[in-house]
Chemist: 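Here it is, the structure in full.
Just so you know, ligand 1 is whichever comes first in the structure, and atom 1 is the first atom listed for that ligand. All heavy atoms count here, side chains included; hydrogens, waters and symmetry mates do not.
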Amino acid sequence: MEQGPILSPHILIFPAPGQGHVNSLLKLAELLCLAGFKITFINFQNIHERLVRHTDVEARFSKYYGFQFKTIPGCEAEDPRPADWVRKLFQEMEVKSKPIFKKMVIESNPAVNYIIGDGVMGFVYDVAVEVGIPTIQMHCISACSFWTFFSIPDVVAAHQLPIKGKEDMDRLITEVPGMERFLRCRDLPGGFCQVSHISDPNLFVITKEIRQSQALIINTFEELEGPILSQIRIRYPKIYTIGPLHNHLKTKLRSIEKQESYSSSTSLWEVDRTCITWLDNQPSQSVLYVSFGSITIMTRQQLMEFWHGLVNSKKKFLWVIRPECVINQDGDNLGEIPEQLQEGEKEKGYIVKWAPQEEVLAHKAIGGFLTHCGWNSTLESIVAGVPMICWPYFADQQVNGRFVTEVWKLGLDMNDVCDRGVVEKMVNDLMVDKREEFVKSTARMAELARKSVSEGGSSSSCLNRLIEDIRLMNMKAHGSDTYKDNLS
Ligand SMILES: O=c1ccn([C@@H]2O[C@H](COP(=O)(O)OP(=O)(O)O[C@H]3O[C@H](CO)[C@@H](O)[C@H](O)[C@H]3O)[C@@H](O)[C@H]2O)c(=O)[nH]1
């Protein structure tokens, strides 16, 4: 039978409703658009409204033939909360969004060939199995935190799970292969695995029977996480490591479009660019950047400890404080930044509600980053060669923080102590006393990150393989002779 031309595959991409997830999957979507694939990018309605309000993504993506945004209801919560909030949100999505998503997939024209779902959105994979469409799981977290989540059932079975408030948090956990010598109780996923009793509903495990998928994509690079990736490959041989995604996309666009300055904002908040002007007037590597990402919340007391520690360190700082991140003792949002900080003391520091973070980290005035260790922030800091002070808040951030400080030697660990004296000492250690040791390690890792996404580098080659594999699978699905030729 005569074969018609094989159409380029139509891939449906669906991120979880959070800044870190939308960032990563939009970057992946753009890389796949550059390869000529048709992409439908599904966003939750309220997330998409915010994205469009604060960025030019619609205009940017309109140049890609076959790209479209679609929205889906089912995630009304605007106000980030810790673990129990995340759990409720996912339960709600499962009920409200799953049937709509299924209908969308079945009725799609052109038909969907693949679904790239976010690793944390289980219902997406259930739908894919129900309608018989192959999936690839995209993980926006590090390989080390993925592996830790994955190993939690073994930690539980070996009675090694720490019970909150009753344990020496420096005790070693020996049930996560490859991390036996340095993973402490305090490094287990915060909020999800540091529980008050073993049947705590917040205990979160990725089961050994990870939902059925053809392959995993992880936003990391071999040179950073090789040993842990080897552990994961024992269970999942098919892994594509194509990170750091933000730098990968930038590098690709530079080579294709010869664009020198490329803006890839995918912000869900209004970006305050006045901080760049302020940074322009600061000496090289003199400013500490402080940001705890898009979900972290903290008490007024913690906020004030950070404030006093920063001011006492006598180092200048640029601090991102989302008004909704400050809570009172009852857990209610204060909805405002305390007056003392709002008035600002511009000669000491500069406070904004949301910054152009990638640009800030790449600015010559930045000498350090006090971070919650969200995976995007960690990768952005690695690429910019900026050493970190780690104050992980929840989920994957604890494991990331442990790897940043103990394995990669790229920064200092606050060991969960939020106290003005500790903050002051850490800032001075990072910016002055121990600076030398971090300058070398961060520069080396930044270079490895850069090479990984350059032509012939590990992540660049892996992306080419992913693109090729999708094309081959598509040909196979169409029974193409070219596919058979490629196999023989
Ligand atoms: O003022 C700011 C602050 C942050 N960002 C950006 O927002 C993103 C934040 O992402 P991330 O550092 O990963 O933190 P979260 O927003 O907290 O991300 C969630 O999603 C991540 C990916 O799964 C996880 O690693 C985190 O633990 C989880 O909290 C980064 O790209 C930043 O560049 C800005 O652009 N401006």
Chemist: In terms of heavy-atom contacts, does NZ of K238 have more than 12 from other residues, nucleotides or ligands at under 6.0 Å?
Modeler: no
Chemist: Suppose we measure from atom 35 (O) of ligand 1 to each protein heavy atom; which comes out shortest, and what is that distance?
Modeler: A355 O, 3.4 Å
Chemist: Output the list of atoms in ligand 1 that are nearer than 4.0 Å to some heavy atom of C140, sorted by atom number.
Modeler: 22 (C), 23 (O)
Chemist: Go through the structure and list residues passing salt bridge (charged side-chain N to carboxylate O under 4.0 Å, His left out) with E58, not counting sequence neighbours.
Modeler: none
Chemist: As an exercise, identify every atom of ligand 1 less than 4.0 angstrom from a heavy atom of D396.
Modeler: 24 (C), 25 (O), 26 (C), 27 (O)
Chemist: Would you check the N or O atoms of C373, main chain and side chain alike, for any that come under 3.5 Å of an N or O of ligand 1?
Modeler: no
Chemist: Would you call K27-E358 a salt bridge at under 4.0 Å N-O?
Modeler: yes
Chemist: Need the ligand 1 atom indices (1-based, order shown) with element for anything under 4.0 Å from a heavy-atom of Q397.
Modeler: 26 (C), 27 (O), 28 (C), 29 (O)
Chemist: For D272 versus C275, what's the shortest heavy-atom pair and its separation?
Modeler: O-SG, 3.3 Å
Chemist: Output, in order, the C-alpha distance, side-chain angles, deciding distance and verdict of side chain to side chain donor-acceptor pair (under 3.5 Å) for N376 and S24.
Modeler: CA-CA 8 Å; N376 292 283; S24 302; 3.2 Å; yes
Chemist: With a cut-off of 4.0 Å, which atoms of ligand 1 are near a heavy atom of S377?
Modeler: 11 (P), 12 (O)
Chemist: Checking a contact table here: which protein heavy atom is nearest atom 19 (C) of ligand 1, and how many Å away?
Modeler: I295 CD1, 4.1 Å
Chemist: Hey, is A395 touching ligand 1 through its side chain, its backbone, both or neither, going by heavy atoms under 4.0 Å?
Modeler: neither
Chemist: Can you report which non-hydrogen protein atom sits closest to atom 8 (C) of ligand 1, along with the distance?
Modeler: N23 ND2, 3.6 Å
Chemist: By salt bridge (charged side-chain N to carboxylate O under 4.0 Å, His left out), which residues pair with E305, not counting sequence neighbours?
Modeler: R420
Chemist: Looking only at protein heavy atoms, which one is nearest to atom 16 (O) of ligand 1, and what is the separation?
Modeler: S294 OG, 2.4 Å
Chemist: Any idea which protein heavy atom is nearest atom 30 (C) of ligand 1, and the distance to it?
Modeler: E380 OE2, 3.5 Å
Chemist: Atoms of ligand 1 less than 4.0 Å from V320 heavy atoms?
Modeler: 1 (O)
Chemist: Considering only the protein, which heavy-atom contact is closest to atom 5 (N) of ligand 1, and what is its distance?
Modeler: W354 CZ2, 3.3 Å
Chemist: So if I count the atoms of ligand 1 from 1 in the order they appear, which ones are less than 4.0 Å from some heavy atom of H372?
Modeler: 12 (O), 14 (O), 15 (P), 17 (O)
Chemist: Counting non-hydrogen protein atoms only, what is the nearest one to atom 23 (O) of ligand 1? Give residue, atom name and distance.
Modeler: H21 NE2, 3.1 Å
Chemist: Strictly below 4.0 Å, N to O, side chains only: are E380 and K250 in salt-bridge contact?
Modeler: no
Chemist: For atom CD of E167, decide whether the heavy atoms of other residues, nucleotides or ligands shown that lie under 6.0 angstrom number more than 12.
Modeler: yes
Chemist: Under 4.0 Å, heavy atoms only, figure out whether ligand 1 is touched by the backbone of N376, its side chain, both or neither.
Modeler: both
Chemist: Show which atoms of ligand 1 fall inside a sub-4.0 Å distance from at least one heavy-atom site of I141.
Modeler: 23 (O)
Chemist: By number and element, which atoms of ligand 1 are closer than 4.0 Å to a non-hydrogen atom of Q19?
Modeler: 7 (O), 8 (C)
Chemist: What's the shortest heavy-atom distance between I116 and M138, and which atoms?
Modeler: CG2-CB, 3.9 Å
Chemist: Return a yes/no value for W375: is any of its N or O atoms, backbone included, closer than 3.5 angstrom to an N or O of ligand 1?
Modeler: yes
Chemist: Can a salt bridge be assigned to the pair R273 and E359 using a cut-off of 4.0 Å between side-chain N and carboxylate O?
Modeler: yes
Chemist: Looking at ligand 1, is there an atom of it that comes within less than 4.0 Å of some heavy atom belonging to S291?
Modeler: yes
Chemist: Answer yes or no: is there an ion pair linking K451 with E223, defined by an N-O contact shorter than 4.0 Å?
Modeler: no
Chemist: Going through the distances and angles, do Y289 and S381 end up as a side chain to side chain donor-acceptor pair (under 3.5 Å)?
Modeler: CA-CA 10 Å; Y289 175 57; S381 202; over 6 Å; no
